[in-house]
Amino acid sequence: MASFASVAAAQAVDDASRNAARRLAQDGVASYSAGEYAKATDQLERAYVVLRVPSIALWSARALAKSGHLVEADERYLEATRLSFTAGDESIQKKAQSDARAEADALTPRIPTVKIELVGSTPAEVELRVDGALVPSSLIREPRPVNPGAHTVQGKRGAELVSATVNVEEGGRAQATLRFTAPLPAAPAAPPEPAPAPQASASQAPVAQAPVAQHGNAQRTAGWVSLGIGGVGLAVGGVTGILLVSKHSALDAYCNNGVCDPSKRSDVNSFNTLRTISGATLIAGAVVTGVGVTLLLTAPANAEHPSAQAYLGVSELGLRGRF
């Protein structure tokens, strides 16, 4: 599509430039009268950039319309009606503005439009272009003025590109439909916020089982150890008791009323030693066994059950097993 200046840059124009622009505009009018509309458009456009007055704007709009640029001609007619002027023949410039209004009213019905419809998308999601010109999303689905002829409508949504071509005649109305099928890429999910730690109520407060079990195991172990040691004491006391009975029977023949034969003094001393040992071990064994029974009976029920076994050897006594 041709591009035409709608606003000239504000600049100081010297008399020579003004004179050259006026001559160029007259040549443009001559080209227009000769039916050379493309040439007339170029000449009048360049003259209008330098000398922006209603009369040149009017002829420029006429040349644009004859060249098929109806949309640009409509805008140039509007500029002609709004321009102020301080130079030239005032009556000519006012007449040019009046003619511009009338010709713009006659041109408007001739301008074709294209309405763009989107399927599978919304205007905010699409980058839309008509003949390469970007269309604001707020104007999508609104009738768009175009020049007569073929037009390419292109929409881009993410990586998907959809195009359509429409051909519209002067004064016609056309519709271009763009169908989008590919899903938009999903936005990255925000990381979930950590859930607050549940507040355990008094009835749900966790119970520390391990310390109780450990305490129960230790108590049961101590109970089994006490039973083992007590059993060993009772066994030693029982053995020494049997020996005492044997020695007592042997000494009866040498003792009378508590007085024994001096030759048996060593046997008497041995008897007394065994009696002391027997009594002490029996008492100690009974006490320790009672402690062991008490520990086992009062240990927590969830404790593991260790096992132990007392042993008595020729020169040793002890306890073995699993605790």
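Remember, it's a predicted structure, so these values are computed and weren't measured experimentally.
For the residue pair Thr41/Glu45, the side-chain donor-acceptor check at 3.5 Å is not satisfied. Judged by distance alone, the side chains of Glu117 and Thr177 never bring a donor and an acceptor atom under 3.5 Å apart.
The side-chain heavy atoms of Pro143 and Val114, taken from C-beta on, include no pair separated by under 4.5 Å. Looking at heavy atoms from C-beta onward, Val166 lies out of side-chain contact with Gln175 at the 4.5 angstrom threshold. Side-chain contact check for Val146 versus Thr113: every heavy-atom pair is 4.5 Å or farther apart. No side-chain heavy atom of Glu169 sits under 4.5 Å from any side-chain heavy atom of Pro148.
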### Task
Evaluate the criterion side-chain contact (heavy atoms from CB on, under 4.5 Å) for residue pair Arg76 and Leu58; output intermediate values, then yes/no.
CA-CA 7 Å; Arg76 187 57 50 83; Leu58 172 65; over 6 Å; no
### Task
List the steps and the verdict of salt bridge (charged side-chain N to carboxylate O under 4.0 Å, His left out) for Glu142 and Arg144.
CA-CA 6 Å; Glu142 295 298 324; Arg144 181 177 178 83; over 6 Å; no
### Task
Please test Ile116 against Leu128 for side-chain contact (heavy atoms from CB on, under 4.5 Å), starting from the C-alpha separation and ending with a verdict.
CA-CA 10 Å; Ile116 302 167; Leu128 183 68; 3.4 Å; yes
### Query
When you look at Asp99 and Lys95, which way does the salt bridge (charged side-chain N to carboxylate O under 4.0 Å, His left out) test go after all the steps?
CA-CA 6 Å; Asp99 290 344; Lys95 177 67 167 57; 2.8 Å; yes
### Verdict with reasoning, Tyr77 to Arg62, per side-chain contact (heavy atoms from CB on, under 4.5 Å)
CA-CA 8 Å; Tyr77 277 128; Arg62 289 170 174 172; 3.5 Å; yes
#### Entry: From CA spacing to verdict: side-chain contact (heavy atoms from CB on, under 4.5 Å), Arg141, Leu118
CA-CA 8 Å; Arg141 293 176 174 162; Leu118 304 178; 3.9 Å; yes
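Rounded to the nearest 0.5 Å, atoms OG (Ser60) and CD (Glu79) are 8.5 Å apart. Rounded to the nearest 0.5 angstrom, Ser55 OG and Arg22 CZ are separated by 9.0 Å. Between the CZ atom in Arg46 and the CG atom in Leu51 there is a gap of 14.0 Å [rounded to 0.5 Å]. Atom CD of Glu127 sits about 11.0 Å away from atom OG of Ser137, to the nearest 0.5 Å. A distance of 7.0 Å separates NZ of Lys156 from CG of Leu161, quoted to the nearest 0.5 Å. Taken to the nearest 0.5 Å, the CG atom of Asp74 stands 4.0 Å off from the CD1 atom of Ile111.
The local environment of CZ in Arg101 is crowded, with over 12 non-hydrogen atoms from other residues, nucleotides or ligands closer than 6.0 Å. Heavy-atom contacts from other residues, nucleotides or ligands closer than 6.0 Å to CG of Asp15 number 12 or fewer. The environment of CZ in Arg173 is crowded: more than 12 heavy-atom neighbours from other residues, nucleotides or ligands sit within 6.0 Å.
In plain terms, the two heavy atoms of Ala73 and Leu64 that are nearest each other are CB-CB, 3.8 Å. The nearest pair of heavy atoms linking Trp59 to Tyr32 is CZ3-CD2, 3.4 Å. Residues Gln97 and Leu83 come closest through the heavy atom pair NE2-O, 2.7 Å. In this structure, Pro109 and Ala106 approach most closely via the heavy-atom pair CD-O, 3.4 Å. Between Gly28 and Ala40, the closest heavy-atom pair is O-CB, 3.3 Å. Nearest heavy atoms, Ala63 versus Leu44: CB-CD1, 4.0 Å.
Under a hydrophobic-cluster definition in which Ile, Leu, Val, Met, Phe, Trp and Tyr are linked whenever side-chain heavy atoms come within less than 4.5 Å, directly or via other members, Leu24 and Tyr48 are assigned to different clusters. Val162 and Val153 end up in the same hydrophobic cluster when Ile, Leu, Val, Met, Phe, Trp and Tyr side chains are linked at under 4.5 Å. Linking ILVMFWY side-chain heavy atoms closer than 4.5 Å, directly or via other members, places Leu178 and Leu139 in a single hydrophobic cluster. When hydrophobic clusters are built by joining Ile, Leu, Val, Met, Phe, Trp and Tyr residues whose side-chain heavy atoms come closer than 4.5 Å, directly or via intermediates, Val29 is not grouped with Ile56. Cluster membership check: Val130 shares its hydrophobic cluster with Val168, using side-chain heavy-atom separations under 4.5 Å among Ile, Leu, Val, Met, Phe, Trp and Tyr.
With hydrogens and angles disregarded, a donor-acceptor distance shorter than 3.5 Å links the side chain of Thr81 to the backbone of Leu78. Between the Asn147 side chain and the Leu70 main chain, a donor and an acceptor come within less than 3.5 Å of each other. In this structure, the side chain of Ser98 does not engage the main chain of Lys94 through any donor-acceptor pair within 3.5 Å. Under a 3.5 Å cut-off, the side chain of Ser31 and the backbone N or O of Asp27 do form a donor-acceptor pair.
Taking the salt bridge (charged side-chain N to carboxylate O under 4.0 Å, His left out) definition, one finds that Arg110 meets it with Glu170, sequence neighbours left out. Contacts of Glu160 classified as side chain to side chain donor-acceptor pair (under 3.5 Å), with partners at least two apart in sequence or in another chain: Thr181. With sequence neighbours left out, Phe180 forms a ring-ring contact (aromatic ring centres under 6.0 Å, His included) with no residue at all.
Using a 4.0 Å cut-off between a side-chain N of Lys or Arg and a carboxylate O of Asp or Glu, Asp14 and Arg18 do not qualify as a salt bridge.
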